[in-house]
Amino acid sequence: MNIYQGKTAVISGGAEGIGYSIAEALGNQGMNLVIADIDEQKLLEAESKLKEKGYKVLSSKMDVTDPAQWKNTANQTIERFGKIHMVVNNAGVASAPGPIEKTNAADWRWVVDVNLMGVIYGAEAMIPHIKEHGEGGWMINTASMAGMHGVPYAGAYTATKVAVVGMSESWEVELAKHDIHVSVLCPAFVQTRIHLSGRNRQDDYQDKKPEKSEQDNAKKSKNTAKELVENGIAPEIVGERVVEALNAKEFYIFTHPSHRENLAMRAARIDKAFANAASSPLLKDIEDQGPIDFM
């Protein structure tokens, strides 16, 4: 039995990269596809390619930082396909890496509004529709390995991805009773254009032109990011991996097993911190109530 056949998925950032690869993989499972993106030209190209493959597709130009545009996409989806069964909150950006004192307010607002608020607005717009039909469904949120362990000189990006992981953990429990499965996708480097995120930076998030030294630093950072991204895995693998993980009802969806050691080191540090707390004379009289079971 194909659990996806005839059901409808809404994918933000669906015009290219990871979003497009997920759309393609879901289309191959027989789902109706709604791809939403801020880049209208790429969106139309993606729609055309997916239709050529025989998939049922609707494209919607959308800025994920605008709740009204999310609601408009939801309404278009209902009008075209009748129901919404899945939301893939995938759209994301990365600003040029840099030290704490070089990350300006405009960068922070942009990255937070796209990577974090965009996911929140997507959930708020789509989950009520998934609940409404009572058939269950899915929510997939694209985070990053940066959401599992911090990345130096990428504070804004890391902060948003950690938040997406945490929200997803919260929503997993909240939505289980509605038979809505939540997953959080945490890839490392994938061959996308995330290092060129500034191409779609909205006017509201533009900052004054940086000084020459800062421009040079940004150029060096982009070159480094470009090399890392271009040596990443193909996006098509990510789309297929998402379907594989959904079939297995996985919550954390990892694409780079080589990062397991990093996460094990982080877990060991956390465990050691608890051991330090347990041995502290300051805490010896604190009653241990044990962990709370939210499930």
Side-chain angles (χ1 to χ4, degrees), residues 89 92 94-95 97-103 105 107-109 111-120 122-124 127 138-190 228 232-233 238 241-242 244-295:
N89 289 305
S95 59
I100 294 169
E101 65 273 17
K102 296 295 185 181
T103 307
D107 283 345
W108 270 96
R109 286 194 302 107
V111 175
V112 168
D113 283 357
V114 175
N115 293 0
L116 175 56
M117 298 309 300
V119 173
I120 293 170
E124 289 178 344
I127 291 299
W138 302 266
M139 175 164 64
I140 300 103
N141 299 319
T142 299
S144 165
M145 287 309 301
M148 306 304 293
H149 56 77
V151 177
Y153 304 103
Y157 183 79
T158 297
T160 59
K161 296 306 183 177
V162 169
V164 170
V165 171
M167 289 192 307
S168 300
E169 290 172 337
S170 174
W171 290 336
E172 178 192 23
V173 179
E174 179 182 337
L175 296 176
K177 64 185 177 183
H178 300 283
D179 196 26
I180 299 173
H181 175 78
V182 177
S183 291
V184 59
L185 172 61
C186 298
F189 289 105
V190 181
L228 290 168
I233 65 174
V238 181
R241 173 71 184 109
V242 167
E244 177 184 62
L246 292 181
N247 288 338
K249 297 188 180 299
E250 295 177 25
F251 173 73
Y252 302 107
I253 304 178
F254 294 136
T255 59
H256 291 69
S258 58
H259 283 251
R260 184 176 185 177
E261 184 177 345
N262 289 341
L263 295 191
M265 290 172 60
R266 182 176 188 264
R269 290 182 65 192
I270 292 171
D271 189 65
K272 182 66 166 69
F274 274 114
N276 292 340
S279 64
S280 170
L282 295 172
L283 307 176
K284 64 180 181 179
D285 295 326
I286 294 179
E287 182 180 356
D288 185 2
Q289 297 179 339
I292 300 174
D293 184 4
F294 291 105
M295 300 299 286

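For the single chain, residues carry numbers from 1 onward in sequence order. All values below were derived from every heavy atom in this structure, side-chain atoms included, with hydrogens, water molecules and symmetry-related copies excluded. Every value quoted in this text rests on a predicted model; they were computed, and no experiment measured them.
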ask   = In terms of the angle between their ring planes, are Phe254 and Tyr252 parallel, tilted or perpendicular, with boundaries placed at 30° and 60°?
value = parallel
request  = Identify the heavy atoms of Arg266 and Met148 that sit nearest to each other, and give their distance.
outcome  = CD-O, 3.1 Å
note = In this structure, OG1 of Thr255 is separated from CE of Met145 (nearest 0.5 Å) by 8.0 Å
message = Please give me the minimum heavy-atom distance between Thr158 and Ala146, naming the atom from each residue.
response = CG2-O, 3.5 Å
ask   = How long is the span from the CG atom in Asn89 to the CE atom in Met139, to the nearest 0.5 Å?
value = 7.0 Å
ask   = Considering residues, nucleotides and ligands other than Ile270, do more than 12 of their heavy atoms fall under 6.0 Å from its CD1?
value = yes
Side chain to side chain contact (heavy atoms under 4.5 Å, CB included) partner of Val238, the single match among Val190, Thr142, Ile253 = Val190
note = Interatomic distance, CZ@Phe189 vs CD1@Ile233, rounded to 0.5 Å, equals 12.0 Å
remark   = In short, Gly92 meets Val114 closest at the heavy-atom pair CA-CG1, 4.0 Å
ask   = Pairs in or reaching into residues 179-190: which pass side-chain hydrogen bond (donor to acceptor under 3.5 Å, both in side chains), with residues at least two apart or in two chains?
value = His181-Ser183
message = What I'd like to find out is whether the side chain of Trp171 reaches to under 4.5 Å of the side chain of Asn141, using heavy atoms alone.
response = yes
message = For the CD atom of Glu124 and the CE atom of Met117, what is their distance to the nearest 0.5 Å?
response = 7.0 Å
query = Roughly how far apart are Ser95 OG and Arg109 CZ, rounded to 0.5 Å?
reply = 12.5 Å
message = When you compare the side chain of Val242 with that of Leu185, does any pair of heavy atoms fall below 4.5 Å?
response = yes
ask   = Residues two or more places apart in sequence or in another chain: which of them pass side-chain contact (heavy atoms from CB on, under 4.5 Å) with Ala163?
value = Leu116
ask   = What are the two closest heavy atoms between Pro187 and Ala143, and how far apart are they?
value = CD-O, 4.0 Å
Phe251 atom CZ: more than 12 heavy-atom contacts under 6.0 Å = yes
Spacing of CD1 belonging to Ile127 relative to CG belonging to Leu175, to within rounding of 0.5 Å = 5.0 Å
Heavy-atom side-chain proximity of His149 to Met265 below 4.5 angstrom = no
query = How far apart are the closest heavy atoms of Tyr157 and Ala94, and which atoms are they?
reply = CD1-CB, 4.0 Å
inquiry  = Show the nearest heavy-atom pair for residues Cys186 and Val165, with the distance to one decimal.
reply    = SG-CG2, 4.1 Å
